[in-house]
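In what follows, a structure is listed as structure tokens, so that the remarks can point back to it.
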Amino acid sequence: MAEQESSKSLHTNQNREQSSKLENISDVGGKNKTKIYCQRCPSLVLSPRQATLVQKEFFLPNMYQKNECTPIEGVTLVDFWHVSDMLTFDNVGFSKTVDNIKYLMCADCEVGPIGWHSVHDKKSYYVAVDRVKHG
Amino acid sequence: MAKTYDYLFKLLLIGDSAVGKTCILFRFSEDAFNSTFISTIGIDFKIRTIELDGKKIKLQIWDTAGQERFRTITTAYYRGAMGIMLVYDITNEKSFDNIRTWIRNIEEHASKDVEKMMLGNKCDLTDRRQVSKDRGEQLAIEHGIKFMETSAKASINVEEAFFTLARDIKSKMDRKIDSSGQVSGKQGGGYQLKNENSQKKSFWKSCTLL
């Protein structure tokens, strides 16, 4: 019981942390306040105020896979930067299409996936808040 | 939303397989991350932003995605391309010989005024060199195109090569715009222009597609 309680409060704390993080990186209109960089190298992905914060559940494979064996390990992420034109990106790489999805990567060091794009929606490109660096 | 760039250039990488085209896909970073997931599915294209003469230029760079193995590079792939990087591997004689075939392929399928540049890649592998720099230069002169030796692995000349190609495309565009007399003083580049009758159709098609 006690364990359950503590896990619950941990969860709430994480939520609180995440929402304060989101407040720090977005302006009142939900646009990115700062530049958005690759987490691993100095590559600029998006310039300030070019993307809008959205909540959308999507499963992204981990950037660091333990081994090449299937199944692919990953995590369902919720907070994404949304961009409606691919040319809004300063630098980004697109993977080939798998099940109608193109995964986004850093254009320089190729770490990824840092986001995704569905070939069925030409006006939506998503970059995971947790997979890029802000500021 | 207002456009955040002045020019958009579609560039292609052409050459035999295994000459390192994928590495040249504008990788500036020396320590590329070997993501098992990404490398398994492969890279389709990249968007890069560079600045030339105070203008923001978006480059959309495409790899042949292995089609070269079957020699099925067709008009569809070349459509809208404004610049082509012809890549061979300095440690592989055959890939150099095939540059002539690739040039013929381009002449057959690509727009007549596409800018070309030739790259001798893997120039860090000096002890395995099969094609001298001289021969590369000669071939480039023969076809009237620019030439550089590069190493994607050691980050030699890769960035310079793309800047050079982009600069050549931009100069060509600016000359066209000037000669058609539609824009004096050159504001904003080709994208704001609407009635460019003198422009090649294929070029503008690419703009509307993207």
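Residue numbers start from 1 in every chain, and the chains themselves are labelled A, B, ... in the order their sequence lines are given, proteins ahead of strands.
- For A:V92, the parts lying near chain B are the backbone and the side chain together; criterion is any non-hydrogen pair under 4.5 Å.
- Applying the 6.0 Å contact sphere to NZ of A:K33 captures more than 12 heavy atoms from other residues, nucleotides or ligands.
- Proximity to chain B is limited to the side chain of A:K102, based on heavy atoms less than 4.5 angstrom apart.
- Heavy-atom pairs under 4.5 Å with chain B peak, among A:L104, A:T97, A:V98, A:D90, at A:D90.
- B:I38 is not listed as a side-chain neighbour of A:M63, based on a closest heavy-atom distance of 4.5 Å or more.
- Without hydrogens or angle criteria, B:K58 side chain to A:F89 main chain gives a donor-acceptor distance under 3.5 Å.
- Closest non-hydrogen pair, B:I47 versus A:F94, comes out as CD1-CE1, 4.0 Å.
- To the nearest 0.5 Å, the span separating CG on A:D85 from OG1 on B:T4 amounts to 7.5 Å.
- Only the side chain of A:Y103 comes within less than 4.5 Å of a heavy atom in chain B; its backbone stays farther off.
- Looking at B:K46, its side chain does come within 3.5 Å of a backbone N or O of A:A107 through a donor-acceptor pair.
- The line from CG of B:D44 to OG of A:S95 is 7.5 Å long, rounded to the nearest 0.5 Å.
- Under a cut-off of 6.0 angstrom, the local environment of NZ in B:K133 is sparse, with at most 12 non-hydrogen atoms contributed by other residues, nucleotides or ligands.
- By the neighbour-count criterion of 12 heavy atoms within 6.0 Å, atom NZ of B:K172 is densely surrounded, having more than that number from other residues, nucleotides or ligands.
- With chain B as the partner, the residue from A:P61, A:S43, A:G93 showing the most heavy-atom pairs under 4.5 Å is A:P61.
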